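Presented below is the structure to which this report refers.
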Amino acid sequence: MADRSILVVDDNEINRGILGEIFKDQYNILEAGNGIEAMKSIEENEEKLAAILLDIVMPEMDGYEVLEAMRKKDNLNDSIPVLMITADTSTEAERTSYQKGAADVIHKPFDPVIVDKRVSRTVELFDSKNNLEVQVDDQTRVLKKQFAYLKKQEERLKNSNERVIDTIATIVEFRSMETIYHLKRIKGFVRTLALTAMNNYPELGLNPHLIDVITQASAMHDIGKISVPDSILLKPGRLTSEEFEVMKSHTTRGSEVIESLRDVQDKEYFEICLDICRHHHERYDGGGYPDGLKGDENSIAAQLTAISDAYDALVSDRVYKSAYPVDRAFEMIKNGECGVFSPKILACFEFARPDLERLVAETKAAENAEN
């Protein structure tokens, strides 16, 4: 330990000599005759100090004042043990020393064995504590780096999922004679309604992360239309019963497509995409398809996509009809002309109406500008 030092602070030169003699073979001995000299020595040797032996009663700046100065200077007495020197054997003197941050108390006259043991024990305890703190800091830095790496990987995976979803969904929409604005509206409607539901109906279990996943997954709702023949998908007139059954199959066929992507999608994205694709035509009264789910048997993700898809179908031009005005579309949804939706979802639909209509106007303006 020759590279480490002990600072002995006492206005009595004899006391400094006695204490220095005890530790001269173990440490470099530094001396100070008062608190002001002590603080200067502490600042100059902070990294090398193993302990400070500090007299309480001194001129100019006493031991308690030194402890207070050390506390103000980055809580130095938390990293450098201070043992108070005093002839006062009262409980009050010890209590005050501990309260002000001392690690231990050494009484005068000095017993070399006791002093050596107390200082050695205290230094060992502080060394262990400081080493543990260093290890914890090092481990924390490593964990932070690992966490940052995992977050980066998570973001890459998320972006990959989104690209897969958007690419596949866009291909289907082009085949259906839809534009990219259809998907933009669907995702915008879903996010707006989901945020409204989260803020008003916490029992639905929505949170910002889940809303992000549902919003992105909603783009896959019509992936099954890739299996519907053009003669039905692009038919300008009313579908026959047989043709409608084929059109309805896009929910189950789409589920099969999603299943084939199981290994290239994040599990959470996969499950929500699969659910939305199969159940976005279910209705709250059980009158939907393909499984006739009733009430809350259908997930909130599928319910949000269902009302968004129905609303977009009304406000958009399709091969079989022209777009309805937003006022008329709103009333048709509210009156159940597009099937029955959850009262809570309808309440969110009504509350968010201005935002939904604003999105319709913005996307149609952008679409017209392109044309």
Side-chain angles (χ1 to χ4, degrees), residues 1-140:
M1 293 188 184
D3 58 333
R4 302 187 71 187
S5 302
I6 280 184
L7 174 60
V8 181
V9 186
D10 196 309
D11 60 334
N12 188 306
E13 186 176 355
I14 295 176
N15 287 337
R16 296 201 303 271
I18 294 172
L19 293 171
E21 190 66 24
I22 296 174
F23 298 105
K24 67 178 183 179
D25 294 332
Q26 304 174 59
Y27 301 98
N28 296 319
I29 307 300
L30 305 175
E31 296 185 15
N34 58 58
I36 295 176
E37 291 179 5
M39 286 306 302
K40 182 179 179 181
S41 183
I42 290 171
E43 291 175 2
E44 293 174 351
N45 301 280
E46 179 182 330
E47 299 299 324
K48 300 178 181 179
L49 288 176
I52 300 171
L53 308 184
L54 180 62
D55 191 20
I56 294 178
V57 181
M58 292 184 298
E60 298 188 62
M61 186 178 190
D62 67 22
Y64 293 145
E65 290 174 315
V66 172
L67 278 176
E68 180 64 18
M70 291 181 66
R71 185 188 65 79
K72 290 180 179 179
K73 191 181 186 316
D74 302 324
N75 289 316
L76 283 180
N77 49 334
D78 283 345
S79 56
I80 304 173
V82 179
L83 294 91
M84 305 305 287
I85 302 170
T86 179
D88 187 347
T89 59
S90 68
T91 302
E92 183 62 31
E94 289 199 14
R95 180 186 296 113
T96 303
S97 295
Y98 292 132
Q99 288 175 338
K100 290 185 177 292
D104 207 341
V105 178
I106 297 173
H107 294 291
K108 301 175 184 178
F110 305 124
D111 182 307
V113 175
I114 294 176
V115 171
D116 181 40
K117 290 296 182 183
R118 287 200 172 188
V119 172
S120 297
R121 181 187 61 191
T122 302
V123 169
E124 288 174 4
L125 287 172
F126 266 70
D127 282 349
S128 296
K129 178 178 79 72
N130 292 337
N131 288 336
L132 180 60
E133 289 175 353
V134 170
Q135 291 176 18
V136 169
D137 287 342
D138 289 343
Q139 290 174 355
T140 299

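What you see is a predicted model, and the numbers here were worked out from it, not measured in a lab. If you read the sequence from its start, that first residue is 1, and numbering goes on from there. Hydrogens, waters and symmetry mates are skipped; everything else that's a heavy atom, side chains included, is used.
For Ala102, the side chain to side chain contact (heavy atoms under 4.5 Å, CB included) partners two or more places apart in sequence, or in a different chain, are Leu67, Met84, Ser97. Checked against side chain to side chain donor-acceptor pair (under 3.5 Å), Asp104 has the following partners two or more places apart in sequence or in another chain: Tyr98, Arg121. Residues meeting the side chain to side chain contact (heavy atoms under 4.5 Å, CB included) test with Asp138, sequence neighbours left out: Val134, Arg141. Here Glu21 pairs with Lys24 under the side chain to side chain contact (heavy atoms under 4.5 Å, CB included) rule; sequence neighbours left out.
By the 4.0 Å N-to-carboxylate-O rule, Lys40 lies too far from Glu37 to be salt-bridged with it.
Of the possible donor and acceptor atoms, none in the side chain of Arg16 sits under 3.5 Å from a partner among the backbone N and O of Val8. In this structure, the side chain of Asp74 does not engage the main chain of Leu76 through any donor-acceptor pair within 3.5 Å. Here the side chain of Asn75 pairs no donor or acceptor atom with the backbone of Asp78 at under 3.5 angstrom. A donor-acceptor pair under 3.5 Å is formed between the side chain of Arg118 and the backbone N or O of Val105. Between the side chain of Asn130 and the backbone N or O of Ser79 there is at least one donor-acceptor pair closer than 3.5 Å.
Heavy atoms only, all atoms of each residue included: Met58 and Gly63 are closest at CE-N, 3.8 Å. Minimum heavy-atom separation, Glu60 to Glu65: O-OE1, 4.1 Å. The nearest pair of heavy atoms linking Pro81 to Ala50 is CG-O, 3.1 Å.
Side-chain contact between Asp11 and Asn34 is absent, with no heavy-atom pair separated by less than 4.5 Å. Within the 4.5 Å cutoff, the side chain of Leu83 has no heavy atoms near those of the Val115 side chain. The shortest side-chain heavy-atom distance between Val123 and Tyr27 falls under the 4.5 Å cut-off. Residues Ile29 and Phe23 have side chains in contact (heavy-atom distance under 4.5 Å, counting atoms from C-beta outward). Contact of the Leu19 side chain with the Ile85 side chain is registered, since non-hydrogen atoms from C-beta on lie closer than 4.5 Å. Between Val119 and Ile6, some side-chain heavy-atom pair lies under the 4.5 Å cut-off.
The line from OG1 of Thr122 to CD1 of Ile52 is 12.5 Å long, rounded to the nearest 0.5 Å. In this structure, Lys72 NZ and Asn77 CG are separated by 12.5 Å, a value rounded to the nearest 0.5 Å. A distance of 6.5 Å separates CG of Leu49 from CG of Leu30, quoted to the nearest 0.5 Å. Atom-to-atom distance recorded for Leu54:CG and Ile42:CD1 is 7.5 Å, nearest 0.5 angstrom. Rounding to the nearest 0.5 angstrom, the gap separating the CG atom in Asp116 from the CD1 atom in Ile106 is 10.0 Å.
Identified under the salt bridge (Lys or Arg N to Asp or Glu O under 4.0 Å) test for residues 80-94, with sequence neighbours left out: Glu92-Arg95. Applying the side-chain hydrogen bond (donor to acceptor under 3.5 Å, both in side chains) test to residues at least two apart or on different chains, the pairs with a partner in residues 42-59 are Ser41-Asn45, Asp55-Lys108.
Heavy-atom neighbours of Leu132 CG from other residues, nucleotides or ligands within 6.0 Å: above the threshold of 12. Lys117 NZ: 12 or fewer foreign heavy atoms inside a 6.0 Å radius.
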Audit row: Asn28, Arg4, side-chain contact (heavy atoms from CB on, under 4.5 Å) steps and yes/no: CA-CA 6 Å; Asn28 296 319; Arg4 302 187 71 187; over 6 Å; no
